[in-house]
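Here's the structure, in C-alpha cells; my notes come after.
Residue numbers run from 1 in the order of the sequence given. The figures that follow rest on heavy atoms only: side chains count, while hydrogens, waters and symmetry mates do not.
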Amino acid sequence: MTEEVWVGTWRPHRPRGPIMALYSSPGPKYLIPPTTGFMKHTPTKQRAPAYSFRGAPMLLAENCSPGPRYSVNPKILRTGKDLGPAYSILGRYHTKTMLTPGPGDYFPEKSTKHVFDSAPSHSISARTKTFRVDSTPGPAAYMLPVVMGPRTVGKVSQPSYSIKGRSKLGSFSDDLHKTPGPAAYRQTDVQVTKFKAPQYTMAARVEPPGDKTLKPGPGAHSPEKVILTKPCAPIVTFGIKHSDYMTPLVVDVE
C-alpha cells in the first residue's frame, strides 16, 4: 500500500482524470450523431444510398414450396385437356314426355262467329249464379204515397185535427217554481220533541249465563282403575285353592 502524498493547493499538478471545469464546451456529455452509415445518421446532412450484405439464402430443405413431389398429368395443358374423342357405356337417357293436344281436341267449326260477321243469337240456358245473390228490390218493395191525411205527397191537404193527451207544459198543473208538495215532507216523530213512552218488545227467553261445555256423567268415571294411591288396579285371576294344612315352601336366603 502506497502512501498518498498530500499536495497543497498552492502547488500545481496534473489531474488524474478529466475535469469539466477545464473545458468550455459540454464535452462528452452530449453525443453528436454520425455522418456515416445508415443507422442513426444525423438529420442535418444528406444521406447517400447504402447497401448491405446479407447472408446466404435459405436451404432448399426449408423451402415452403411443394417442389417436384406432385406429378402433373401430361394430358393437361395450359389451355385445358388435350384428349381425343372417348366413349363410355351409360344407360339410356330418360326423356320427359309432355301431354300435348291431338287433332281431335280442336273445333274449327266453332270459330266461325269469331272470324266472320254473324247475326245476334240467343240461347236458352240455366239461371246464372249471380242472379241468386242479387239484392235489388222487387216490385212489391215499393209503396205508393197516401192521398188522404196531412202527409200526402204532391197533393193539397185540408187542415186536420188530432185528439191528444193534455200537455203538462204551460198547463195549470205546470209547476214553474219547482216547489215541493206536501208529500215531499216526512212526518216528524213525536218522541223527538216530547217524552218518550215506554216500549216493549217480544223477544226469546233469556238464558242464564253458565258453562255450556259437555261434562262427564257418573258412568264416565272408573274408580277401580285408579293407580295413584295403589300399586296397581285390582286384578282378578283364576287359580287353585290353597290348603291351610299344607306347609308352605320357605327358601332360606343367606
Identify all side-chain donor-acceptor contacts of residues 32-43 below 3.5 Å with residues at least two apart in sequence or on another chain.
from, atom 1, to, atom 2, distance (Å)
His41, NE2, Thr35, O, 2.9
Thr42, OG1, Thr44, N, 3.4
Thr42, OG1, Thr44, OG1, 2.9

Rounded to the nearest 0.5 angstrom, the CD-CD distance for Gln199 and Gln191 is 5.0 Å
* Crowded around Asp117 CG? As in, over 12 foreign heavy atoms under 6.0 Å? -> no
For this session: Check for a donor-acceptor pair, side chain of Lys212 on one end and backbone N or O of Gly210 on the other, with a separation under 3.5 Å.
Result: no
Would you say that more than 12 heavy atoms from the other residues, nucleotides or ligands in this model lie under 6.0 Å from the CD of Gln158, or not?
no
| request: For the residue pair Ser157 and Lys155, confirm or rule out a side-chain donor-acceptor distance under 3.5 Å. | output: no
